[in-house]
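Notes to accompany the following structure.
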Amino acid sequence: MLSKKQLRNDIEAVESALKKRNFSFDINQLNDLENKRKINQVETQELQNLRNTQSKSIGKAKAAGEDIKPLLDAVADLGGKLDKAKSELLVIQTQIDDIVMAMPNTPHESVPEGNSEDDNIEVSKWGEPGQYDFEVKDHVDLGEMHGLDFETAAKISGARFSVMTGKIARLHRALTQFMLDQHVENNGYTEAYVPYLVNAESLTGTGQLPKFEADLFKTHLHGEEGDAKPLYLIPTGEVPITNMVRDTIVKESDLPLKFVGHTPSFRSEAGAYGRDTRGLIRQHQFEKVELVQVAKAEDSYQILETLTGHAEGILQALELPYRKVILCAGDLGFSAAKTYDLEVWLPGQSAYREISSCSCFEDFQARRLQLRYKNPETNKPELLHTLNGSGLAVGRTLVAILENHQQADGSIRIPDVLHNYMGGITVIN
RNA sequence: GGAGGGAUGGCAGAGCGGCUGAAUGCACUGGUCUUGAAAACCAGCAAGGGUUAAUACCCUUCUAGGGUUCAAAUCCCUAUCCCUCCA
């Protein structure tokens, strides 16, 4: 959520910043509501003040043994007036909130202009796409040779699910373990195990709600819609991990907070009809190792670089060629101020594909989360900055390993760092 | 399945219709003392919001949502979470 103070004082700056990401809103409407709000709020608070002082004098008169009847008559019609003023104010404030909650974050100044992923800019590249003296297969053909099974998954659940058995399943697990260990042991993250079903407050905190409910799987505790608070399957580990610190005032000495968690992610993929229908790239359920950091405002952009570096370290250790791109304003996610995508080379597609997305949210999430620290200089609570990145998406990493480390006979070379996790297996054949 | 108890500031914990935005302790900040530190003593210290150029003033908040009342942390109802006991 953007700062309402800023929207009040400098709405033009917000407008031009959001224009960069093709988001426009009705300035006049918001200003009108804001003016109404001001009048209404002042009136309401004056009525409350009147009621408070009157009530106090009744209390005093009663204690002194005086006749309070005239005082009671004087406040007789106050309640009705106050209720009316309050409910009018609530309507206006709800209208303002609805508008503000639907506004995306403003892009950081270093974010390039652009409308779509075609305008993202390559920042760096690591490794060279491999040269193969045989016809490369894609991960579906390779995977099906070794235990990746979409047909069985379709029987159990439907499209966009997968079953893995045998060595592929083990490789999938090994990747997760390797990533977690790497981030905990070498990068200083604290491992976190978190719930996979979360409430609406959590999703509002990180920005998925209210705008993107259609992307989520929603469950109802007692069957019927509406009779209980719904729980949602997490679309990313970012949601539960970041929400661990919702409504807290963090000690300055504990900053930055660094958490890593392995969770499944569930996405409805509404609006993705026909996209990536083949294979593991776009699934309703997939595993991810998620990095989350919470930092002071002045540190957050430096941390975005190191956090992205932590994700890159995994790709390098797994000998996977990739490039790093900075997302243009038009391709930026709703809550993000700046995002780097890591795109891994997939020989089966002859293309770089996203495998990690690392973002700084500035105080956009923190404002919704009421996530703060006490600044010792001002002795006041101040909003923190949140960051997260995939380190990495496990399913897509599996795809990258299959395709990049395939050999002429369809066997898969296991990168050295995984040998221990694979119980000594060096080749899947 | 049944019966109770609880949720209060960063933390612990009093209060149980008006004098309570909230005692007290811890933590924290500043000061005195000290070569320095500790201890001791003194002072300060919840959050969110509004009006204002500012000083200042005002509103809201004691898990959440309703209700009773001129007035609610305090009484009533509902929900959530925690705990204890019985089966």
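Residue numbers begin at 1 in each chain, while the letters A, B, ... track the order of the sequences. Note: hydrogens, waters and symmetry copies are ignored here, and every other heavy atom, side chains too, is used. Just so it is clear, the structure is predicted and the values come from calculations on it, not from any experiment.
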Taking atom [atom1] in both [N] and [M], what distance in whole Å separates the two?
N: B/A72; M: B/C59; atom1: P; result: 13 Å
N: B/U74; M: B/C19; atom1: C1'; result: 15 Å
N: B/C45; M: B/U29; atom1: P; result: 16 Å
N: B/G65; M: B/G9; atom1: C1'; result: 23 Å
N: B/U55; M: B/U68; atom1: P; result: 40 Å
N: B/G48; M: B/A53; atom1: C1'; result: 24 Å
N: B/G5; M: B/A46; atom1: P; result: 34 Å
N: B/A22; M: B/G6; atom1: P; result: 25 Å

Would you please indicate if the ring centroids of [X] and [Y] are separated by under 6.0 Å?
X: A/Y301; Y: A/H108; value: yes
X: A/Y193; Y: A/H262; value: no
X: A/F334; Y: A/F212; value: yes

message = Is the terminal nitrogen or CZ of A/K258 (NZ for Lys, CZ for Arg) located under 6.0 angstrom from the six-membered ring centre of A/Y189 and within 45° of that ring's axis?
response =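 Here A/K258 passes the 6.0 Å and 45° test against A/Y189.
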inquiry  = I need the residues from residues 55-64 of chain A with at least one non-hydrogen atom less than 4.0 Å from RNA chain B; give them sorted by number, or say none.
reply    =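 Nucleic-acid contacts, sorted: A/S55, A/I58, A/G59, A/K62.
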Please report the distance, rounded to the nearest Å, between [atom1] in [X] and [atom2] in [N].
X: A/N49; N: B/C70; atom1: CG; atom2: C1'; value: 15 Å
X: A/K81; N: B/C70; atom1: NZ; atom2: C1'; value: 15 Å
X: A/L72; N: B/A71; atom1: CG; atom2: C1'; value: 10 Å
X: A/R51; N: B/G18; atom1: CZ; atom2: C1'; value: 13 Å
X: A/E382; N: B/G10; atom1: CD; atom2: P; value: 16 Å
X: A/K251; N: B/C26; atom1: NZ; atom2: C1'; value: 12 Å
X: A/N199; N: B/A64; atom1: CG; atom2: P; value: 15 Å
X: A/L47; N: B/C58; atom1: CG; atom2: P; value: 16 Å

Determine the contact category for [X]: base if any of its heavy atoms lies under 4.0 Å from a base atom, sugar-phosphate if only primed atoms, P, OP1 or OP2 are that close, otherwise nothing.
X: A/Q41; result: sugar-phosphate
X: A/K380; result: sugar-phosphate
X: A/R367; result: nothing

task = For the residue pair A/D149 and A/T152, confirm or rule out a side-chain donor-acceptor distance under 3.5 Å.
result =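 Yes, because at least one side-chain N or O of A/D149 sits under 3.5 Å from a partner of the opposite role on A/T152.
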message = Checking base pairs now: Watson-Crick or wobble, both atom distances under 3.5 Å. What partners B/U74?
response =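 Matched B/U74 with nothing under the 3.5 Å cut-off.
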message = Which nucleotide, if any, forms a Watson-Crick or G-U wobble pair with B/G1, using both distances under 3.5 Å?
response =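 In the structure as shown, B/G1 has B/C86 as its Watson-Crick or wobble partner.
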query = Want to settle it: does A/N52 or A/K4 sit nearer the 5' end of RNA chain B, counting the closest nucleotide to each?
reply =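 Checking each residue's closest nucleotide, the 5'-ward one belongs to A/K4.
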query = Which comes earlier along RNA chain B counting from the 5' end, the contact point of A/Q54 or that of A/K38, where each point is its nearest nucleotide?
reply =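 Looking at RNA chain B, the more 5' nearest nucleotide goes with A/K38.
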ask   = Just one of A/R353, A/E343, A/Q316 clears the side chain to side chain donor-acceptor pair (under 3.5 Å) bar with A/Y322, so which one?
value =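 Answer to the side chain to side chain donor-acceptor pair (under 3.5 Å) test with A/Y322 among A/R353, A/E343, A/Q316: A/Q316.
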query = Checking A/T248 side chain against A/V245 main chain: does a donor-acceptor pair fall under 3.5 Å?
reply =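 It does hold such a pair.
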query = Under a 4.0 Å N-O cut-off, is there an ion pair linking A/K324 with A/E305?
reply =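 Salt bridge present between A/K324 and A/E305.
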